[in-house]
Amino acid sequence: MADMTDDQMWRYNRQMMLPQINYEGQEKLLESRVFILGAGGLGSPVAIYLATSGVGHLVISDFDKVEITNLQRQILHTEADVGREKVVSAKETLAALSSDTQVTIINHKLEGDELAEQVRLADVVVDTTDNFSSRFALNRCCVAEKTPLVSGSVIRMEGQVTVFRPDLDDEGPCYHCLYKESDELGETCTDNGVVAPVVGIIGTIQATEVLKVLMRIGEDLHGRLLLLDASTMEWRSLKLKKDPNCPVCS
Ligand SMILES: [Zn+2]
């Protein structure tokens with residue numbers, strides 16, 4: 001790509017000041033493509049921070065419309081967006097935040113080859129959906145395409161976040177190693193409720209992990225599941241192992 005403009009040098013100055021990021025790290029972000037599945041509670045902070053950080057291309061998929069119950073936590077959308085498609089509202093918000101980020105929106109359910117193609121084209125995939133069949137389908141594609149997957153979920157005042165790295169040739173787990181499709185995974189915030197800023201905490205961690213994976217800095221949450229209980233504000237970190245009998249990755 002072309003060299004960064006003066007405006008871009010100023011705009012990203014505060015993160016480029018970090019020696020491990022520098023010009024090269026910022027350039028990587030501007031050249032990166034990230035696929036975000038879901039423009040809701042987690043997808044909102046993920047998309048906003050990735051855009052303001054200078055990720056060059058975001059692909060956002062969601063087929064819901066904005067409802068009044070979404071506004072409490074889905075900060076991509078405003079009162080004026082109620083009734084509109086979430087991806088359209090998301091694209092407008094992101095366009096207003098940054099002209100450096102190209103936003104591609106997909107307003108139907110992605111399945112099969114179409115889902116696989118988006119995963120293949122992405123440098124990192126972010127799971128911000130609240131739907132378990134989508135989570136399993138996305139994991140299968142990420143394992144098959146060897147694309148890093150940053151996964152998060154929140155319910156009530158509890159959140160969890162981790163990173164899967166099928167792109168690294170090692171013995172790391174996949175999403176399916178943690179959760180079996182037969183497990184009782186029906187819990188959603190529609191039925192159980194959720195506290196808005198807790199969604200923001202987990203989403204901003206997801207965004208941070210995406211940046212780290214893209215710039216190859218620090219140590220991401222690969223092989224670790226970070227659990228938050230916001231009612232006591234206690235964090236736990238669990239080591240994750242690959243399931244040798246996992247039908248997806250083994
Ligand atoms: Zn697995």
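For ligands, and for the atoms within them, numbers begin at 1 and follow the listed sequence.
- Within the coordination shell of the Zn ion (ligand 1), defined by N, O or S atoms under 2.8 Å, His176 is absent.
- Separating the CG atom in Asn70 from the NZ atom in Lys65 is a distance of 12.5 Å, to the nearest 0.5 Å.
- Here the side chain of Gln74 pairs no donor or acceptor atom with the backbone of Thr69 at under 3.5 angstrom.
- Remark: at the Zn ion (ligand 1), atom SG from Cys249 and atom SG from Cys177 enclose 100°, rounded to the nearest 10 degrees.
- Note on Arg120 versus Glu145: salt bridge recorded, some NZ/NE/NH1/NH2 to OD/OE distance being below 4.0 Å.
- Cys174 contributes SG and Cys246 contributes SG; the angle these two atoms make at the Zn ion (ligand 1) is 110°, rounded to 10°.
- Ile205 CD1 to Leu221 CG: the interatomic distance, rounded to the nearest 0.5 Å, is 7.5 Å.
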